[in-house]
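Have a look at the structure below, then the notes.
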Amino acid sequence: MSRLTLFNTLTGRQEVFEPIEPKHVRMYVCGVTVYDYCHIGHARSALVFDVLRRYLEHSGYAVTFIKNFTDVDDKIIKRANEQGVNCDVITKKFIQAYHEDMTKLGIRAATEEPKATEHIAVIVQLTERLINKGLAYVVDGDVYFEVAKYPEYGRLSKRRLEDLQVGARVDVNERKHRPMDFALWKNSKPGEPAWESPWGLGRPGWHIECSAMSIRHLGETFDIHGGGMDLIFPHHENEIAQSCGATGKEFARYWVHNGFVQINKEKMSKSLGNFFTIREIFEKSEWSEEVTGEILRYFLLSTHYHGPLDFSDQGLREAKNALNGFYDLFQRLDESEAGATVDKELSGVIERCRGTFHSRMDDDLNTPEALAAFQGMKNDVNKLLGQGVSTSARKTVRKEFRSLGETLGLFQLDTWQFRPVVVPIGQVGETGAALPIGVTRSGLADAEIEELLRERNQSRRRKDFKRADEIRTLLANQGILIEDKPDGTTRWKR
RNA sequence: GGCGCCGUACCCAAGUGGUAAGGGAGCAGUCUGCAAAACUGCGAUGCAGCGGUUCGAACCCGCUCGGCGCCUCCA
């Protein structure tokens, strides 16, 4: 087991993580409201918790990971009305889009991905429980949680009720006892999705669904609850009030929140219109889907999850250049060579990287430091490679990058080549159709490249460097980079 | 009005009491027919500013300046 520590928003401190069950972690993360495509901010949040989940598993825990879809909500209804379709047309479409985007990013599906609309009965039960306890009240088919009845309200977001009421916008809903009270159940208007309930036809409020689904899938008390910083208040504060109010037990023990993705130091958001969707970035990328996914992961993990992160093309380019170095090394590791003079030193290098990686990740998932550990191993291996490393030791190194990198979703590709689709010369442009993603640079088939390199090396042997350089230029124009090795052969990459 | 975050080299970014990781870009060198890659070297006497605590502070305390977030839906 690891000695993982996590920054817990609830206590405001970094704490040693100890799950309720020794070898089993139960975590819940607030997913997305499915009314539009996801942007990079959603990607960051999803990635952070994917990495947390993977690292816990890597550390020997079994993890039950629940991530919900909010599929009943004002914004969804609005969007459906605009398009003159049923809500489930909208939600189905964007749930599918979500899965597509996450797959491209290498983010694994959660153990369960429950939907609010499939938990109406549980939501109703929980609401009844709160009414019976005197913590909620019914007004004309609406049900509200009475915040004043939960004395600990504000303990997550460190706010006092009095402070909130001063500057907060006055709620126009006069049916509430107090402005801070929030809806558990909403009386539905005609044309809105509605379910039978003891209070008439209606639909659930936003916060109650997460309490209901997390309790349903993980129990009344579980280990980790996560989401973006913006959910701390009021969403998570309300979840705590509802859940603890209903069960009388602690809800989640560790609250983990990720920082925002920003554009020019401003929060990326729909209202500001300064957001990039995940699919837009993949579409615009000049690299293949796999490579683009890895660039994005490297970029997003190069900043600690708790802080803000400014999204930029330059940042992406730097991530790509950093990754180039790793895959250049992997290519050299694939080449075989006799000699094993420094194999022993190499195992020391691996051990050191492994130790650093774990201690840095244990420290509140310090992924920037973890990446630095990989850089260190890369540099050390590069130095040793010139001194004689056996083929089996090379394989061991590559395997180590792969297994440690798996936690971050990095270093899993066989080749860092920008060509999921090879379009032999002559075929490009004939169809006139737009090229698939990743082949914007077109390319030559492997055999054609090998043939040209054969000719070039013959030229070099004849000292016909003019012809040799012509071929280099020709290949470069097709996006092929070549590197001459000391033994007279040439390696190439796209 | 309340609560909170951030300010480290050209850029990105760790470090949060013991004398500034790492990456990207740049420059110089080794190697090379040339190139690429790799390797070597160079690069903040200083961590927004000013005070204070301390043997010692980027890290703790106070004030100031600048940027941002939440309090309304938001990852």
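Below, chain A is the first sequence line, B the second, and so on; all start at residue 1. The structure presented is a predicted model; accordingly, all values stated were derived computationally and were not measured.
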Between protein and nucleic acid, restricted to nucleotides 15-20 of chain B and to nitrogen or oxygen atoms under 3.5 Å apart, what atom pairs and distances do you find?
from, atom 1, to, atom 2, distance (Å)
B:G15, OP1, A:N366, ND2, 3.0

Only counting residues at least two apart or in another chain, list the ones meeting side-chain contact (heavy atoms from CB on, under 4.5 Å) with A:A212. A:V122, A:I123, A:L126
Give me each pair satisfying salt bridge (charged side-chain N to carboxylate O under 4.0 Å, His left out) with a member in residues 229-242 of chain A, each pair once, sequence neighbours excluded. A:D230-A:K267
Contact list for residues 349-370 of chain A, test ring-ring contact (aromatic ring centres under 6.0 Å, His included), sequence neighbours left out: A:H58-A:H358, A:F357-A:F374
Contacts of A:H207 meeting side-chain contact (heavy atoms from CB on, under 4.5 Å) (sequence neighbours excluded), chain-then-number -> A:F182, A:P234, A:H235, A:N238, A:Q242
Grab the OH-P distance between A:Y298 and B:A13 for me, whole Å please. 13 Å
Between B:G1 and B:A58, how far apart are the two C1' atoms, rounded to whole Å? 33 Å
Could you tell me the separation between the CZ atom of A:F299 and the P atom of B:G23, rounded to a whole number of Å? 18 Å
Winner on side-chain proximity to A:A372, out of B:G22, B:A14, B:G2, is B:G22
Among pairs that include at least one residue of residues 296-306 of chain A, which meet salt bridge (charged side-chain N to carboxylate O under 4.0 Å, His left out), considering only residues two or more places apart or in two chains? none
With a non-hydrogen cut-off below 4.0 angstrom, is A:F260 in contact with a base, only sugar-phosphate, or nothing? base
Between A:K267 and B:C70, is there a side-chain N or O to OP1/OP2 distance below 4.0 Å? yes
What pairs with A:R352 under side-chain contact (heavy atoms from CB on, under 4.5 Å), at least two apart in sequence or on another chain? A:V349, A:D380
Separation of B:G69 C1' from A:N264 CG (nearest whole Å): 16 Å
How long is the line joining CZ of A:F326 and C1' of B:G22, in whole Å? 10 Å
Taking only the C1' atom of each, what is the distance from B:C5 to B:A48 in whole angstrom? 16 Å
Treating primed atoms plus P, OP1 and OP2 as sugar-phosphate and everything else as base, which nucleotides of nucleotides 33-40 of chain B get B, S or - for protein heavy atoms under 4.0 Å? BBBBSSSS
Please report the distance, rounded to the nearest Å, between CG in A:L371 and P in B:G23. 11 Å
Please tabulate the protein-to-nucleotide N/O contacts below 3.5 Å involving nucleotides 25-27 of chain B, giving atom names and distances.
none

Rounded interatomic separation in angstrom, taking CG from A:L309 and P from B:C6: 15 Å
Sub-4.0 Å heavy-atom contacts from residues 74-83 of chain A onto RNA chain B, ordered by number: A:K75
Could you work out, with salt bridge (charged side-chain N to carboxylate O under 4.0 Å, His left out) as the rule, every residue matching A:K383, not counting sequence neighbours? none
Taking Watson-Crick and G-U wobble contacts under 3.5 angstrom, with | marking pairs to another strand and [ ] crossing pairs, the secondary structure of RNA chain B is written ((((((((.[[[..)..(...]]].(((((.......))))).....[[[[[..)....]]]]])))))))....
Checking A:D310 against A:S312: is there a side-chain donor and acceptor pair closer than 3.5 Å? no
